[in-house]
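Before any comments, here is the structure.
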Amino acid sequence: MEIKEIYELIENIGVFVFSTISGDEVHSRIAHFNGCDEEGIYFRTMINKPFGRQLIETGKVTVCGITDNKCLGYEENGTPSFPLSYTIRLIGDVKRVEPEVIKEKSKTNKALLSAANDIDKYPAMAEGNFVLYRAKGEVFDVDFDCIHRDHKLLRKRFSFGGISFNPAGVRITDACIGCGKCKEVCTFKAIEEGSPFKVREDRCDDCGSCLLACPVNAIKESLIF
Ligand code: SF4
Ligand code: SF4
């Protein structure tokens, strides 16, 4: 996926939870991204705030967001109902962007205009423009009731800025004897027959049901992202 394509999905969500590290503690804040170009995805905060200081100190951030997820009600058996949604998460490296650079970029990039305007209006914000310049991430497009397709999850991983990532989903090894028990228990329709059977990384939710069902321990947990 191109950065622009990722940003379009991000814009549709709006506000994200940003998590940072301070010493041995993790912290979360609410913030939003405000533009992108070929160098990455931009956001801003006041650098005197703890969030800004942590970003400068570590250069690391992880971000997670979901489209409209208000509970629509409950079925008779108590199952909650949610609108169709997707989530995005990103893990990556950030760096500050000088105010003059933001101003210059905003001449041709309208999305950065409000950041450029804030530079003169809020001195404390002027130095707080950051770019997520190297990141990996994934989109979880969820349709648990299979309204628009015949499987519950569509999962896609991406990266930009020269970072790599492991494939998603659990892995079936050559120890597979082809009994089909994993396919029977997978409610995500993520397992295909073969020798050995195969897991579709774009559908697997890492739920682990197949690991418990396999009689010969042929299925291994997913690799850490
Ligand atoms: S349950 Fe295990 S042995 Fe059976 S098909 Fe699946 S991976 Fe292969
Ligand atoms: S981990 Fe869950 S979703 Fe993935 S293949 Fe196994 S049963 Fe299906």
Side-chain angles (χ1 to χ4, degrees), residues 1-2 5-10 12-13 16-19 26 28 60-92 134-161 163-225:
M1 285 166 86
E2 299 293 320
E5 203 181 337
I6 298 163
Y7 185 68
E8 280 167 9
L9 292 169
I10 283 173
N12 195 35
I13 288 177
F16 281 76
V17 176
F18 284 62
S19 298
V26 287
S28 294
K60 301 278 181 198
V61 74
T62 175
V63 184
C64 195
I66 185 168
T67 51
D68 182 18
N69 67 339
K70 188 180 173 191
C71 183
L72 299 174
Y74 295 86
E75 294 171 17
E76 276 186 17
N77 65 5
T79 305
S81 172
F82 295 98
L84 290 172
S85 63
Y86 63 84
T87 69
I88 300 182
R89 68 182 182 121
L90 296 133
I91 304 163
R134 182 168 57 205
K136 57 186 176 181
E138 69 181 337
V139 185
F140 273 75
D141 188 318
V142 174
D143 184 357
F144 278 145
D145 296 325
C146 295
I147 292 168
H148 294 304
R149 54 181 187 240
D150 71 347
H151 54 94
K152 298 198 275 192
L153 180 69
L154 200 52
R155 181 180 189 181
K156 189 171 185 178
R157 287 188 169 176
F158 55 82
S159 69
F160 58 86
I163 202 167
S164 62
F165 55 85
N166 287 317
V170 300
R171 299 157 292 143
I172 297 181
T173 67
D174 288 342
C176 170
I177 55 171
C179 70
K181 288 202 165 70
C182 54
K183 191 174 176 188
E184 279 171 31
V185 299
C186 180
T187 62
F188 289 83
K189 295 187 179 172
I191 296 181
E192 293 177 342
E193 290 180 18
S195 183
F197 274 42
K198 286 201 170 14
V199 174
R200 290 187 59 146
E201 66 171 285
D202 60 338
R203 294 189 185 183
C204 176
D205 186 46
D206 280 326
C207 72
S209 298
C210 56
L211 274 85
L212 299 172
C214 181
V216 294
N217 198 24
I219 308 179
K220 302 299 172 201
E221 290 166 342
S222 58
L223 297 166
I224 298 291
F225 187 24

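Excluded from the calculations below are hydrogen atoms, water molecules and symmetry mates; all remaining heavy atoms, backbone and side chain alike, are included. Counting starts at 1 for both ligands and their atoms, in listed order.
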I'd like to check which ligand 2 atoms, numbered from 1 as shown, lie under 4.0 Å from a non-hydrogen atom of [X].
X    : result
D206 : 1 (S), 4 (Fe)
C204 : 1 (S), 3 (S), 4 (Fe), 5 (S)
F188 : 3 (S)

* Structure fact -> Distance col, row I6:CD1 vs S159:OG, nearest 0.5 angstrom, shows 8.0 Å
* From F158 atom CZ to M1 atom CE, the distance as rounded to the nearest 0.5 Å -> 5.5 Å
* Asked: Is I88 close to I10 at the side-chain level, that is, under 4.5 Å between some pair of heavy atoms?
  -> yes
* Checking only N/O/S atoms, does C214 have one that is under 2.8 Å from atom 2 (Fe) of ligand 1? -> yes
Under a 4.0 angstrom heavy-atom cut-off, which atoms of ligand 1 come close to [X]?
X    : result
V216 : 3 (S)
I177 : 3 (S), 8 (Fe)
I219 : 7 (S)

Whether the side chain of [X] engages the backbone of [Y] through a donor-acceptor N/O pair (distance < 3.5 Å, no angle test) should be reported.
X    : Y    : value
D141 : Y86  : no
R171 : E221 : yes
R157 : N166 : yes

Is it the case that atom [atom1] in [X] sees more than 12 heavy atoms from other parts of the structure closer than 6.0 Å?
X    : atom1 : answer
D174 : CG    : no
K136 : NZ    : yes
E8   : CD    : yes

* Does even one non-hydrogen atom of G178 get within less than 4.0 Å of ligand 1? -> yes
Can you tell me which residue and heavy atom of the protein come closest to [atom], and the distance to 0.1 Å?
atom                    : result
atom 6 (Fe) of ligand 2 : C210 SG, 2.3 Å
atom 8 (Fe) of ligand 2 : C186 SG, 2.3 Å
atom 5 (S) of ligand 1  : G180 N, 3.2 Å
atom 4 (Fe) of ligand 1 : C179 SG, 2.4 Å

* Under a heavy-atom criterion of less than 4.0 Å, does G169 contact ligand 2? -> no
* To do: Would you check whether V185 reaches within less than 4.0 Å of ligand 2, judged by its heavy atoms?
  => no
* Looking just at side-chain N and O atoms, do T187 and K152 make a donor-acceptor pair shorter than 3.5 Å? -> yes
* Asked: atom 4 (Fe) of ligand 2 to C207: any N/O/S contact under 2.8 Å?
  -> no
* Could you tell me whether atom 4 (Fe) of ligand 1 has an N, O or S atom of C182 under 2.8 Å away? => no
* I191, D205, I172: member with heavy atom nearest to atom 3 (S) of ligand 2 -> D205
* To do: Given side-chain contact (heavy atoms from CB on, under 4.5 Å), test V170 with D206 step by step and report yes or no.
  => CA-CA 6 Å; V170 300; D206 280 326; 3.9 Å; yes
